[in-house]
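Accompanying notes for the structure given below.
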Protein chains: 2
Amino acid sequence: MQNNRASIADLAKALNLSPSTVSRALNDNSVISAATRLRVQQLAQELNYHPNHLAAGLRTGRSNLLGVLVPHIEGTFFASVVHGIETVATKAGFKVMICQSNEDVEHEKRNIDTLINAQVEGILVSLSRTTHDTRHFEKVHQRGIPLVFFDRMLETLGVNAVVLDDYQGAYQVTTHLIEQGCRRIAHFAGPQHLNIYHNRRLGYLAALRTYGLAEAEELVITSDMTLADGVAGMEQLLALPAPQRPDGLFSASDFSLVGALQTLKEHGLRVPQDMLLAGFSNEIFTSFTEPRLTSVDQRCELLGQETVRLFLEIREAGATNFQARRVVLPPHLLIRESSTRPPA
Amino acid sequence: MQNNRASIADLAKALNLSPSTVSRALNDNSVISAATRLRVQQLAQELNYHPNHLAAGLRTGRSNLLGVLVPHIEGTFFASVVHGIETVATKAGFKVMICQSNEDVEHEKRNIDTLINAQVEGILVSLSRTTHDTRHFEKVHQRGIPLVFFDRMLETLGVNAVVLDDYQGAYQVTTHLIEQGCRRIAHFAGPQHLNIYHNRRLGYLAALRTYGLAEAEELVITSDMTLADGVAGMEQLLALPAPQRPDGLFSASDFSLVGALQTLKEHGLRVPQDMLLAGFSNEIFTSFTEPRLTSVDQRCELLGQETVRLFLEIREAGATNFQARRVVLPPHLLIRESSTRPPA
DNA sequence: CTGAAAGCGCTAACAA
DNA sequence: TTGTTAGCGCTTTCAG
């Protein structure tokens, strides 16, 4: 009978045992005699037995599945986070199911249903750019499924979340620019309904205030943070009358920053001599440009790992009576040539 | 009874129907009267009913799960491939389970078991760097689970696979360098037991032969293809006596190429004036360096999509009686400044 | 230490 | 068009 797929029933029959005994033997239940355990496990190996997790899950109510919902997975950031998630989740015995919202709320809603249907034991989410309210997550809560946000979230009170301290990161990087001598610092900002871009802007403004620098409306440019947006943004800045021109730029995204750098060069301006630059995310390419770009590292992998850890904690405590918690990771400023004032 | 989780039985009871009728109504079975269908679906909505896919899967023998096994997911390449996979798989009604081997065969073996246990309906694999034989995939075959390799595979006959035409890509890019006037072209090669690096080297050699150029041992440097390896490799090339120095370089990885570029600059040499450069993979940063780097695009997303398509085909035909097929995607050479001979 | 029996939630014959 | 019945493969009382 060494056919396609052996079941517990098959093993039981072949060994003249009951299914329950076989099940116990396979699961290393301590109550089973060493002898039968061995017999069972050997035959299992021989027949190439593989447990059916669907069946076990149905019976026990545990799927060992963990749902992850990200806006997309191309690009460094989410890929690294997912890597971190996968690592810790696997160690804890979970399989990871990945869904992408493609930055679209409707997708996001459908994905949530998919994950619920798959009986995942927890859901880890980073919101799509087009998500402005989170009512579609209520049913997750209702079903008692632990829900943890990471990176992108809405500032709703009482949700579990793991985020980078974007405010601190922005504050530090802006302070650094000021200390390097900048007095008019421009800021490329992202969509403000997203916590991350909002906090980066706040951190930037706070640093200005701390040092008594005036904030200038014409120096803050909000966009979707692509490379092209960076090009457009820098053109806009360079079009300002000379006294209003910035001497430094903090971009909330490294992509826009590269656009800005390219534009500066096209105009015959040099970095850092003519303008200091700093970005956010520590994308891999920030070390490949000339000059290399100062940036704030987001601890992507750690972020993923901490997200799973928080999930495990919630699960342990029981989803419903867990006091919602927010884990805030310290950012890490990486100073490179683009923001280092050259000796005069 | 609008408790945590409603089941079909609950709906049936509430509506005075049999479970089968409810099931049929929910699945839009054409045999059900419009009226009952509506009643059922409305109540389902109201009670926030979600089907239990584990149960359905157990019953129907279909899990709607697709297993994906990659060496890792950080970095652009696999992330993009997975993106492509996810997109097509979702459209076909599959959920994707992702595992990473971390470039380790033992992990790979364990992951295969995990996926089998999860009752996936197909497995898509890109081999770990440390995999030298593929016996652990036999049980997948035995169980009649469609198996498709993508990108990294062993040259075993009769497996299903989707790969880029690395040979062609390398041939094209080398030819391009020759046509730009290069006569001594160096090559940074990767681990040769992996089909991709092997084929890139063969393509490089073939192009040399076509144009009657001698291949020089000292110009082919094999490494693990990191940025640091590129630095070391270029140092090695520059240490050659002047007449033996290359006038062009084709690196099988963009990362090594960046290392080479940085090293050239440190030595006061200019690209493309003093040496032409070309790489492989079209990593995002190839457009951010100066000069921008010529590279071969790998069609990552398409690769992922085609892999799923091949899986669907196999499934359709029945895994066992499907004639193994290999899909080879044409590469796409992107010529940028680093390989364009400037007017003399 | 082992076995018998029931049931997780759903679907698919077959019957009505 | 609807209902009855059985069972997917596994685990878990409860009894022996």
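Below, chains carry the letters A, B, ... as their sequence lines are ordered, and counting in each starts from 1.
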Start and end of the DNA chain C segment that chain A contacts, any atom under 4.0 Å from a heavy atom: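 The protein-touched segment is dC1(C) to dG9(C).
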Lys/Arg-Asp/Glu bridge criterion (N-O < 4.0 Å) met for Glu103(A), Arg152(A):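 Looking at Glu103(A) and Arg152(A), the cut-off is met.
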Residues which pass ring-ring contact (aromatic ring centres under 6.0 Å, His included) with His83(B), listed by chain and number, not counting sequence neighbours: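 Testing His83(B) for ring-ring contact (aromatic ring centres under 6.0 Å, His included), a comparison that skips the adjacent residues, returns none.
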Counterpart residues, ring-ring contact (aromatic ring centres under 6.0 Å, His included), relative to Tyr49(A) (two or more places apart):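 Checked Tyr49(A) against ring-ring contact (aromatic ring centres under 6.0 Å, His included); zero matches.
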Let me confirm one number: the [atom1]-[atom2] distance from [X] to [Y], rounded to the nearest 0.5 Å.
X	Y	atom1	atom2	result
Phe94(A)	Leu312(A)	CZ	CG	6.0 Å
Thr131(B)	Glu106(B)	OG1	CD	9.0 Å
His141(B)	Thr134(B)	NE2	OG1	11.5 Å

Atom [atom1] of [X] and atom [atom2] of [N]: how far apart are they, to the nearest Å?
X	N	atom1	atom2	answer
Asn117(B)	dG9(D)	CG	P	15 Å
Asn29(A)	dT11(D)	CG	P	11 Å
Arg62(A)	dT11(D)	CZ	P	13 Å

From CA spacing to verdict: side-chain contact (heavy atoms from CB on, under 4.5 Å), Leu115(A), Leu65(A): CA-CA 9 Å; Leu115(A) 290 175; Leu65(A) 254 34; over 6 Å; no
Check: Leu329(B) and Leu302(B) side chains under 4.5 Å, non-hydrogen atoms: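 Yes - at least one pair of side-chain heavy atoms lies under 4.5 Å apart.
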Sidechain-backbone polar pair: Asn117(A) side chain, Thr114(A) backbone, donor-acceptor under 3.5 Å: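 No, because the side chain of Asn117(A) does not come within donor-acceptor range (under 3.5 Å) of the backbone of Thr114(A).
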N/O (side chain, Asn52(A)) to phosphate O (OP1/OP2, dC8(D)) under 4.0 Å: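 Asn52(A) to dC8(D) OP1/OP2: no side-chain N or O under 4.0 Å.
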Tyr49(A) vs dG9(D): side-chain N/O to OP1/OP2 distance below 4.0 Å: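 For dG9(D), neither OP1 nor OP2 has a side-chain N or O of Tyr49(A) closer than 4.0 Å.
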Side-chain H-bond candidate by donor/acceptor type, Glu74(A) with Thr76(B), under 3.5 Å: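 Note: Glu74(A) and Thr76(B) side chains miss the donor-acceptor criterion.
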DNA chain D contacts among residues 53-61 of chain A, heavy-atom distance under 4.0 Å: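 Result for residues 53-61 of chain A: Ala55(A), Ala56(A), Arg59(A), Thr60(A), sorted by number.
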Identify all pairs in which a protein N or O lies below 3.5 Å from an N or O of nucleotides 2-4 of chain D, and state each distance.
residue : atom : partner  : partner atom : Å
dT2(D)  : OP1  : Thr36(B) : OG1          : 3.4
dT2(D)  : OP2  : Ser33(B) : N            : 3.3
dT2(D)  : OP2  : Thr36(B) : OG1          : 2.9
dG3(D)  : OP2  : Ser18(B) : N            : 2.9
dG3(D)  : OP2  : Ser18(B) : OG           : 3.4
dG3(D)  : OP2  : Thr21(B) : OG1          : 2.8
dG3(D)  : N7   : Arg24(B) : NH2          : 2.8
dG3(D)  : O6   : Arg24(B) : NH1          : 3.2
dG3(D)  : O6   : Arg24(B) : NH2          : 3.1
dT4(D)  : O4   : Ser20(B) : OG           : 2.8

Hey, can you pull the donor-acceptor pairs under 3.5 Å for the side chains in residues 53-60 of chain B, sequence neighbours left out?
residue  : atom : partner  : partner atom : Å
Thr60(B) : OG1  : Ala56(B) : O            : 2.9
Thr60(B) : OG1  : Arg62(B) : N            : 3.2

